[in-house]
Student: 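One structure follows; several queries about it will come next.
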4 protein chains.
Amino acid sequence: MVKNVPTSIKDQFLIEKRRNQMVKGAVTLFKDKGFHRTTTREIAEASGFSIGTLYEYIRKKEDVLFLVCDFIYERVKERMEQVIDMENKSVDCLSNAVRSYFKLMDEMQDEVLVMYQEVKALSRDAKEYVLQKERDMVHMLEIVIENSLPYTISEQDLKLVANNIFVHGQMWGFRRWLMQKEFTMIEYTDKQIDLLFKSLNLSSPTS
Amino acid sequence: MVKNVPTSIKDQFLIEKRRNQMVKGAVTLFKDKGFHRTTTREIAEASGFSIGTLYEYIRKKEDVLFLVCDFIYERVKERMEQVIDMENKSVDCLSNAVRSYFKLMDEMQDEVLVMYQEVKALSRDAKEYVLQKERDMVHMLEIVIENSLPYTISEQDLKLVANNIFVHGQMWGFRRWLMQKEFTMIEYTDKQIDLLFKSLNLSSPTS
Amino acid sequence: MVKNVPTSIKDQFLIEKRRNQMVKGAVTLFKDKGFHRTTTREIAEASGFSIGTLYEYIRKKEDVLFLVCDFIYERVKERMEQVIDMENKSVDCLSNAVRSYFKLMDEMQDEVLVMYQEVKALSRDAKEYVLQKERDMVHMLEIVIENSLPYTISEQDLKLVANNIFVHGQMWGFRRWLMQKEFTMIEYTDKQIDLLFKSLNLSSPTS
Amino acid sequence: MVKNVPTSIKDQFLIEKRRNQMVKGAVTLFKDKGFHRTTTREIAEASGFSIGTLYEYIRKKEDVLFLVCDFIYERVKERMEQVIDMENKSVDCLSNAVRSYFKLMDEMQDEVLVMYQEVKALSRDAKEYVLQKERDMVHMLEIVIENSLPYTISEQDLKLVANNIFVHGQMWGFRRWLMQKEFTMIEYTDKQIDLLFKSLNLSSPTS
DNA sequence: AATGAATGAGCGTTCATTCAT
DNA sequence: GATGAATGAACGCTCATTCAT
């Protein structure tokens, strides 16, 4: 499942350290100029080492993008796992999960935007790997929904609702020029949860 | 309002014709490799003329992207206008509009995907121009919703619902690897309309 | 001796007319941007006709430069001939000639500058043709000097003095950023004539 | 005062070395075909490295021209400084200075020709910088003249004479097709000094 | 393990010239 | 005679990648 980026460096600790520097530098750059407009020299500089060193830790420029995507997803997933209490089985749990997920999307909107706009530049393999992570995340939402509902929902409906919630979270960041002019984060969240609960025949939560 | 791409050609009819060739050729290319990975020579070749001729009809590579975005939105908008019957004021009207819009998104998913993944490469001005078209489209949905509802809806709710529908339409194309494996177009549409109507306290339409 | 630029047009009068338009347009352009930075399209536009028509009257872009150089020299030579009274044989004649020549260089400094900076771009033949005209002009100065002097001067000295006068005339235009800040045209002329006369053992003219 | 051409290379010694190669290669090329007709690839090849390496040491093609101009002037100035003995205050000093300057112009005629025909292609800033160096050189001549004269000369006359000497030196190279057919370097120098001394009311030197 | 100079394929763009109308 | 759309060789320049140190 894990897709490793080859390197000629032996020291695992160093690899970790250097790649963190790399991702940190690269995200900012990608955010501003996109993957294609960012040069490897810029990445090296932003990472605090030379172009030669950069290539000791990756094989191709694309590897940086992969590392960045992987990093972001890992961060997002990690946060979602913390946030979603799988044990609690009530409708409050659903609204909490949505609320937490939206908050996360708000905090990481730049990173998420970068990732979505650039995944297409990844190779088939890498793309598949990243997409799988996305599937995992949607699946987490599915579980929360299923657990929270007082009735049985069809597999299809479950998937659809989970995906809807998922894109509503992204929408906040992707369409920020529209949404964030009309709503505060709180308003947006409350209203989306309200619509969601009505569509699921649930009584609105006491937020 | 209109943003024209400068050209050194005088024959207006020819400009129209050549630019259509250009857009047609470019969309396919952008679909496959993205804007940045597509070379101007490839665009020229796909358009059926030489690189020199290409540059008689545009100033910069970016102009091609703008032309493509403009073309797509124009097509989408045109179709949406045909499809949405502004006179009819019933809930059927809403479900029809959503149905037609989803169908359109299904038919033009490649084009729409291209547009969304590449607008960011446009200059500030061009981007603003294209984004305005998107706003127009969302606004069309707002009008339909407002007209169809038997009750008064708040401005904010209206905007939110319209945007939700809008992204659900895109979702069908953008997340096709997920959605189109689970649903047929009909299923997807029916289920989304069902959720929508419930969230709006409307009784499900007789589709 | 005459170097004709081939054309496919039969009407001699038209050729004359069009080429005058051409030279007039081109000189301004060359003055501003130099020969290489000026495009044939710009020349055509500045001449008041299309690029197609331009090429009916010349074969290559270089022909325009030749025409321009030819035109300028012709104008300069013409003026010099008017100005130099070959009959009068006194030292006044020399100072008058120098004065007139300097005045001419002042009036045509842009044109002369253009010509000198661009002749090198001409083909060997054309360059030789244009250079011959320059020799003719220096020769005119030689004759005036010889006629004006009350004593016999060696061939070499004659050539040297004539060339000195010639470059002093150019200097006014070529080094204008230096000379024209220090001298008025009158001052410059008076002082140069003064130096010239002293170097020729002539008593200063009563200007 | 110093105008540096940016580079991405860190090793100062290497920069010096490579730029010398560059200037050497470029001068020959510019001599033959002029700046505009010379391609960057030709410059790279003549310099002994690849086009990529060329651009590690400059930013734009124009930088090469600037480097060439700068190099030539530096060389000329250096030589003039060696040659002009500022202490000695006699008329011999003047004739020696002129003699040395002419000799220098003879040796560097190609370089000087290149520079003068191409400075106009420099950007405003670079042109100003190069022109200042020329002013410096004329100023050196002014000082020699002033020191050599047994009488006081007006500021204007001083400037005029210095500029005359300056262009007479250039004339030997610029008008070589005329001058070098009529005179040997010695003859040309002797005769010009003779005319100069007469115009300054000095008795001819015993050269 | 780190450096950075070197490479050259390949890009976007220009423009002199042609030729069908 | 006049037009201007079409062409493509050639330009200046970039940048991912390599490799000797």
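The chains referred to below are lettered A, B, ... by the order of the sequence lines, with proteins before strands, and numbering in each begins at 1.
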Student: Using a heavy-atom distance cut-off of less than 4.0 Å, which residues of residues 9-29 of chain C contact DNA chain E?
Tutor: none
Student: What is the nucleic acid contact for D:Thr38, judged by heavy atoms within less than 4.0 Å: base, sugar-phosphate only, or nothing?
Tutor: sugar-phosphate
Student: Could you tell me from which nucleotide to which nucleotide of DNA chain E, 5' to 3', there is an atom under 4.0 Å from chain D heavy atoms?
Tutor: E:dG4 to E:dG10
Student: Give the rounded distance in Å between these two atoms: OH of D:Tyr55 and P of F:dC15.
Tutor: 13 Å
Student: Not counting sequence neighbours, which residues clear salt bridge (Lys or Arg N to Asp or Glu O under 4.0 Å) with A:Asp32? List them please.
Tutor: none
Student: Report all side-chain donor-acceptor pairs from residues 45-56 of chain D shorter than 3.5 Å, counting only partners two or more places apart or in another chain.
Tutor:
{"from": "D:Ser47", "atom 1": "OG", "to": "D:Ile43", "atom 2": "O", "distance (Å)": "2.5"}
{"from": "D:Ser50", "atom 1": "OG", "to": "D:Gly52", "atom 2": "N", "distance (Å)": "3.4"}
{"from": "D:Ser50", "atom 1": "OG", "to": "D:Thr53", "atom 2": "N", "distance (Å)": "3.2"}
{"from": "D:Ser50", "atom 1": "OG", "to": "D:Thr53", "atom 2": "OG1", "distance (Å)": "3.2"}
{"from": "D:Glu56", "atom 1": "OE1", "to": "D:Ser8", "atom 2": "OG", "distance (Å)": "2.5"}
{"from": "D:Glu56", "atom 1": "OE2", "to": "A:Arg41", "atom 2": "NH2", "distance (Å)": "3.1"}

Student: Without decimals, in angstroms, what is the distance between D:Tyr57 OH and F:dT14 P?
Tutor: 17 Å
Student: Hey, does C:Thr53 reach any base, or is it just sugar-phosphate, or nothing, if we go heavy atoms under 4.0 Å?
Tutor: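 Since a base atom lies under 4.0 Å of C:Thr53, the category is base.
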Student: As a test of your reading of the structure, name each stem of DNA chain E as range with range, where a stem is three or more consecutive Watson-Crick or G-U pairs at under 3.5 Å.
Tutor: E:2-21 with F:2-21
Student: Can you tell me which residue pairs pass the salt bridge (charged side-chain N to carboxylate O under 4.0 Å, His left out) test with a partner in residues 11-27 of chain C, sequence neighbours excluded?
Tutor: none
Student: D:Ser50 or C:Arg37: which one's nearest nucleotide on DNA chain E is closer to the 5' end?
Tutor: D:Ser50
Student: Report yes if a side-chain nitrogen or oxygen of A:Thr40 is closer than 4.0 Å to either non-bridging phosphate oxygen (OP1 or OP2) of F:dA16; otherwise report no.
Tutor: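 A:Thr40 to F:dA16 OP1/OP2: side-chain N or O found under 4.0 Å.
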Student: Start at the 5' end of DNA chain F and walk down; is the nucleotide closest to B:Glu56 or to A:Ile51 reached first?
Tutor: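 Final value for this comparison: B:Glu56.
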